[in-house]
Amino acid sequence: MSTVVAVDGPSGSGKSSVSRQVARRLGLAYLDTGAMYRAATWWCLDQGVPLTDHRAVADAVRDLPLAMGLDPEGPTVVVDGRDVGVAIRTTEISSHVSAVATNLDARTELGRRQRAVIDAERDGGWSDGRGVVAEGRDITTVVAPDADVRVLLTASQDARLARRARELHGTDDAAAISATHDQVVRRDADDSTVVQFHVAADGVVTVDSSELDLEQTVDAVLRVVEQSV
Ligand code: C5P
């Protein structure tokens, strides 16, 4: 039997680390859909596609030569034969990614590919049919509303800012928090114009990680999985 777990949430909610751990613990594939938007952004910049040109971005994303590695022990992102796992995490990509994420044609194309990966993991794929944990902003609502388990991972804005600041700057002092603001608050505000990921849709279970560490959050999500399948 296969299990599809969909996890959505805002920046800094911990959804990537948590989803990856959940996939490891359950022996499932891991799909980071945010990495797909980042890879698309990297590709547009690499190809000199102006991010303000809606049509050009949509065309570039349609032809994006992207391969996602789904092993939760070491997920990979390869574009045109190049491993871009590190290149897609720069501040430059983070500050431009909403331009691709708010392009509705690009969303349709990436959502179609995400759906194809999820369907492949139900029948075979990397997981041999065990299933997949897919995380992002619209997985519980648009890409896989039929997932067996649907979780919205939230945390207070303060907790999310502090987490990202520690990740990026090694500290959550006032200067680090202020330097992180654009990456968390502005990006989520931009993304919210096309996808809703702050309030759980019908049937989606909310897990609030504000007061939990990584392990406790993983356990909380695993409990939701146990109760749902
Ligand atoms: O999760 P991460 O921060 O890597 O996502 C990068 C960006 O990709 C988000 O800020 C958002 O613009 C976009 N995204 C999206 N829909 C998803 C996953 C990510 O729009 N399902």
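Remember, it's 1-based here, ligands and their atoms both numbered in the order they're listed.
- Around atom CD of Glu215, no more than 12 heavy atoms belonging to other residues, nucleotides or ligands sit under 6.0 Å away.
- Each of Arg20, Glu135, Glu73 was compared with Tyr30 under the side chain to side chain donor-acceptor pair (under 3.5 Å) criterion, and only Glu135 meets it.
- Across all non-hydrogen atoms, the minimal contact from Leu70 to Leu31 is CD2-CD1, 3.8 Å.
- Those atoms of ligand 1 with a heavy atom of Arg187 less than 4.0 angstrom away are 3 (O), 5 (O), 6 (C), 7 (C), 9 (C), 10 (O).
- The protein atom (non-hydrogen) at minimum distance from atom 5 (O) of ligand 1 is Gly34 CA, 3.5 Å.
- Residue contacts with ligand 1: Gln114 is excluded, as none of its non-hydrogen atoms falls under 4.0 Å.
- Remark: ligand 1 atoms within the under-4.0 Å shell around heavy atoms of Gly136 are 18 (C), 21 (N).
- Tested against Ser11 for a side chain to side chain donor-acceptor pair (under 3.5 Å), the candidates Arg160, Arg186, Arg137 yield a single pass: Arg137.
- Note: no N/O pair closer than 3.5 Å links Arg164 and ligand 1 by distance alone.
- Taking all atoms of both residues into account, the shortest heavy-atom contact from Ser13 to Arg163 is O-NH1, 3.2 Å.
- For Asp202, the CG atom sits in a loose shell: 12 or fewer heavy atoms of surrounding residues, nucleotides or ligands are nearer than 6.0 Å.
- At least one N/O-N/O distance between Thr33 and ligand 1 falls below 3.5 Å.
- A distance-only check finds no donor-acceptor pair linking the side chain of Asp172 to the backbone of Arg166 [under 3.5 Å].
- No side-chain N or O of Arg122 forms a donor-acceptor pair with one of Ser127 less than 3.5 Å apart.
- Among all non-hydrogen protein atoms, the one lying nearest atom 8 (O) of ligand 1 is Tyr37 CB, 3.3 Å.
- For ligand 1 and Asp191, the ligand atoms under 4.0 Å from any heavy atom of the residue are 9 (C), 10 (O), 11 (C), 12 (O).
- Among all non-hydrogen protein atoms, the one lying nearest atom 16 (N) of ligand 1 is Arg107 NH2, 3.1 Å.
- Close approach of ligand 1 to Lys15 is summarised as follows: ligand atoms under 4.0 Å from at least one heavy atom of the residue are 1 (O).
- The side chain of Arg38, and not its backbone, has at least one atom closer than 4.0 Å to an atom of ligand 1 (non-hydrogen atoms only; side chain from C-beta on).
- Looking at atom 17 (C) of ligand 1, its nearest protein heavy atom turns out to be Arg137 N, 3.3 Å.
- For the pair Ser16 and ligand 1, the shortest N or O to N or O distance does not fall below 3.5 Å.
- The structure places CD of Glu109 at 10.0 Å from CD of Gln114, a figure rounded to the nearest 0.5 Å.
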